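Everything below concerns the one structure shown next.
Positions are given from 1, in the same order as the sequence printed here. Basis for what follows: all heavy atoms, side chains included, without hydrogens, waters or symmetry-related copies. Note that the structure is predicted; figures quoted are calculated from it, not measured.
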Amino acid sequence: MTRSIRVPLRGHDRRSVWRRGVLRRILAAVLLAAAVYAVTTVLVPAPPDPGPVVVVATSDLAVGDEITADSVRTVRMPVSLVPDGALSDPASAHGALMTAPLRAGEVITDLRVSPRGPLEGLDPDLVLAHLPLTEPDLSAILGPGTRVDVLATVDGAVLATDILVVQRVPGADATGVTQSFLVAVTPSQAARLAAAAGADLSGQGLTVVIRR
């Protein structure tokens, strides 16, 4: 029977074996770490898209309020939640007037504001005319951006059609009843409104029919 003979390792050989063992353990640890990193990278979802920048109100805004630098701020919102016409630049809203009420945090869209300045962006041939109304319930629902036809209350004559309400005039007259508005009209329409509003006739006044 052949017997194996174990040859003792010399010091140099023992160090070589030890080094190879250490290197194998280091390599195994590196490969394990790489495998763990690869698995976690695949399993962890990518961070969500923060979405586009939109302009929102910092406080409640009422119809006719002027937008200032302090009344708006920008936030990022998921694109699926951004309404059509959302404003993205606060500077584009500064000085504009609200045409609809807005709660703090709501997005400001192009349909919620009127042009900056009474006639900016409108036909250059238009002028501003005074529109006094004596019907409180009707006056309460009018605001910048509303389009109306103006009629004389005495005979129902149509004085102006499809005109734009630009701004509510703060306050009321001495009776506390008449509410005033500025409307964008042609010079001829302005003359008819002035004549009808100033006529000294019993029951004479102005009313409006709201258009869509």
Does the side chain of [X] reach to within under 4.5 Å of the side chain of [Y], using non-hydrogen atoms?
X	Y	result
Arg211	Val148	no
His94	Val72	yes
Phe181	Ser139	yes
Val208	Leu131	yes
Glu135	Thr207	yes

Using the rule that two of Ile, Leu, Val, Met, Phe, Trp, Tyr join whenever any of their side-chain heavy atoms come within less than 4.5 Å, decide whether [X] and [Y] are in one cluster.
X	Y	result
Ile67	Val75	no
Val53	Leu87	no
Val79	Val54	no

Rounded at 0.5 Å granularity, tell me how far [atom1] in [X] sits from [atom2] in [Y].
X	Y	atom1	atom2	answer
Ile163	Leu159	CD1	CG	9.0 Å
Leu126	Leu164	CG	CG	8.5 Å
Arg192	Leu206	CZ	CG	12.0 Å

Side chain to side chain contact (heavy atoms under 4.5 Å, CB included) between Val183 and Val166, intermediate numbers included: CA-CA 5 Å; Val183 290; Val166 175; 5.8 Å; no
Worked check of side chain to side chain contact (heavy atoms under 4.5 Å, CB included) between Thr186 and Asp125: CA-CA 7 Å; Thr186 64; Asp125 293 331; over 6 Å; no
Derivation and outcome, side chain to side chain contact (heavy atoms under 4.5 Å, CB included), residues Val107 and Val55: CA-CA 6 Å; Val107 178; Val55 179; over 6 Å; no
[X] versus [Y], closest heavy-atom pair with distance:
X	Y	value
Ala129	Leu193	CB-CD1, 4.2 Å
Leu102	Ala57	CD2-CB, 3.8 Å
Val82	Ala86	CG1-CB, 3.7 Å
Thr109	Asp84	CG2-O, 3.8 Å
Thr74	Pro90	CG2-CG, 3.3 Å

Transitive ILVMFWY cluster of Leu151, excluding itself - 4.5 Å side-chain cut-off: Val158, Val209
May I ask you to decide if [Y]'s main-chain N or O and [X]'s side chain share a donor-acceptor pair within less than 3.5 Å?
X	Y	answer
Arg168	Leu142	yes
Arg103	Ser59	no
Thr58	Asp70	yes

Residues in salt bridge (charged side-chain N to carboxylate O under 4.0 Å, His left out) contact with Arg147, at least two apart in sequence or another chain: Asp162
Pair Arg73-Val56, side chain to side chain contact (heavy atoms under 4.5 Å, CB included): steps then yes or no: CA-CA 6 Å; Arg73 63 187 178 92; Val56 300; 3.7 Å; yes
Ser180 side chain to His130 side chain, donor-acceptor N/O pair below 3.5 angstrom: yes
